[in-house]
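Not measured: the values here are computed from a predicted model.
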Amino acid sequence: MTAFHVMTGAGEAYAHPAINKISLADVFDALKRGLDDFREKPSHYVFLCLMYPVAGVFLAVATSSANLLPMIFPLISGFALIGPIAAIGLYEISRRREIGLDTSWTHALDVRRSPALPSIIAGGLLLFAFFVVWLVAAQTLYSNLFGDVFPRSVETFSAQIFGTPEGMQLMLWGNVLGLVFAIVVLATTVVTFPMLLDRDVGLVAAMGASIRATAANPVPVFFWGLIIAVLLVIGSIPLFAGLALVMPILGHASWHLYRKLVAPA
């Protein structure tokens, strides 16, 4: 029964939410609304999102100390693949603010009482599987170009990447491969987790709605993906500290983008 609930949600029939057509102006408006949500109680949100810069620094230190320097970029960039599920508490805060409820940061934990929790967990596991596959693909690409010997220092690794033809190929094909993963995750989750929090339609229906929303609005959705990529890069530059500001804004904005893409129930 749990598996069936994950597939179809609380209803007996497969849900088919209506999709709206939106413009680039709607994307910017969703971003503005996300910034407004952040401004409401920014100290709470920064506290909630300290996990992102801390996790980024941890990944960088762990990979360098384990002589896994080639995996630093795949780990940090791949961390964004699980962003949609990591921001689930921020969606709840935006949802509560939208309907005039208390927005204390503790309500971000109310997700654990959501009737769609099995679907949310299943979606999170799916994103983690994408993350693992991305890491395997990135390591395989590196091994095919450089062999199984990993560099022992940052200087050696930098010389490999920027001073050899194999390094140029690694950057080219690595970014192409990463783009493919990012597009797949964006297209299948752009409204998935906000929708599950808003209505218990089941993971399959929510992912189907994301795919239909992307197909109906390819330019706005992929422009939204570009905004996410640019802001994550900017937030990562100062030792990942900027992610404590970038992530909550993007999380709140994702909720408002969902509201624009999917017609009310």
Side-chain angles (χ1 to χ4, degrees), residues 15-42 45 48-49 52 80-101 103 108 111 116 120 123 127 179-201 203-235 242-243 245-265:
H16 198 268
I19 301 300
N20 296 325
K21 290 283 290 183
I22 67 170
S23 66
L24 294 181
D26 291 308
V27 175
F28 284 113
D29 186 61
L31 191 61
K32 177 181 176 296
R33 290 172 183 265
L35 183 60
D36 290 340
D37 286 351
F38 173 76
R39 286 172 175 167
E40 179 73 11
K41 289 182 180 177
Y45 304 151
L48 275 173
C49 295
Y52 298 105
L81 296 178
I82 58 177
I85 182 64
I88 192 77
L90 298 170
Y91 307 150
E92 174 64 12
I93 295 295
S94 287
R95 185 189 72 83
R96 295 180 66 86
R97 182 171 185 249
E98 184 180 85
I99 58 179
L101 297 178
T103 56
V111 176
I120 293 172
L127 286 183
L179 179 63
V180 171
F181 274 87
I183 289 174
V184 171
V185 170
L186 177 66
T188 54
T189 64
V190 64
V191 301
T192 296
F193 293 101
M195 176 177 288
L196 289 174
L197 198 60
D198 185 41
R199 27 182 144 163
D200 187 12
V201 297
L203 180 61
V204 174
M207 293 184 70
S210 286
I211 294 171
R212 289 187 293 112
T214 302
N217 303 278
V219 174
V221 169
F222 289 125
F223 183 69
W224 172 241
L226 179 62
I227 289 176
I228 292 175
V230 171
L231 290 182
L232 288 179
V233 169
I234 293 173
L243 293 181
L245 298 176
V246 169
M247 289 301 298
I249 294 173
L250 289 176
H252 294 306
S254 295
W255 171 264
H256 295 291
L257 187 67
Y258 154 67
R259 284 301 199 201
K260 292 178 179 296
L261 283 169
V262 180

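- The shortest heavy-atom contact between S94 and D37 is OG-OD2, 2.7 Å.
- Between F193 and G123 the shortest heavy-atom distance is CZ-C, 3.6 Å.
- Using a 4.5 Å heavy-atom threshold, the side chains of L90 and F38 count as separate.
- Rounding to the nearest 0.5 angstrom, the gap separating the CE atom in M247 from the NE2 atom in H252 is 11.0 Å.
- In this structure A18 satisfies the side chain to side chain contact (heavy atoms under 4.5 Å, CB included) test together with A263, sequence neighbours excluded.
- In this structure, the ring pair (Phe, Tyr, Trp, His ring centres under 6.0 Å) partners of W255, at least two apart in sequence or on a different chain, are Y258.
- At a threshold of 4.5 Å between non-hydrogen side-chain atoms, the residues T189 and I85 do not count as touching.
- To the nearest 0.5 Å, atom CD1 of residue I120 and atom CG of residue L196 are 5.5 Å apart.
- Each side chain to side chain donor-acceptor pair (under 3.5 Å) pair with one or both residues in residues 21-31, not counting sequence neighbours, appears once here: S23-D26, D29-R33, D29-K260.
- V262 is not listed as a side-chain neighbour of N20, based on a closest heavy-atom distance of 4.5 Å or more.
- Minimum interatomic distance between L197 and I88 (heavy atoms only, all atoms of both residues): CD2-O, 3.9 Å.
- Atoms CZ and CG, from R259 and D198 in turn, are 4.0 Å apart once rounded to the nearest 0.5 Å.
- For the residue pair G34 and H256, the shortest heavy atom distance occurs at N-CD2, 3.8 Å.
- Residues T214 and L186 have side chains not in contact (no heavy-atom distance under 4.5 Å, counting atoms from C-beta outward).
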Exercise answer: donor-acceptor pairs, residues 224-234 side-chain atoms, under 3.5 Å, sequence neighbours excluded:
none

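- Within the structure, the salt bridge (charged side-chain N to carboxylate O under 4.0 Å, His left out) test picks out no pair touching residues 215-231 (sequence neighbours left out).
- Of the charged side-chain nitrogens involved, none lies within less than 4.0 Å of a carboxylate oxygen, so that R95 and E98 do not count as a salt-bridged pair.
- For R199 against P17, the heavy-atom pair with the smallest separation is NH1-CB, 3.8 Å.
- Atom OG of S254 sits about 11.5 Å away from atom CD1 of I249, to the nearest 0.5 Å.
- Using a 4.5 Å cut-off on side-chain heavy atoms (C-beta onward), E40 and I93 make no contact.
- In this structure T192 satisfies the side-chain hydrogen bond (donor to acceptor under 3.5 Å, both in side chains) test together with S210, sequence neighbours excluded.
- For the residue pair P194 and Y91, the shortest heavy atom distance occurs at CD-CE1, 3.8 Å.
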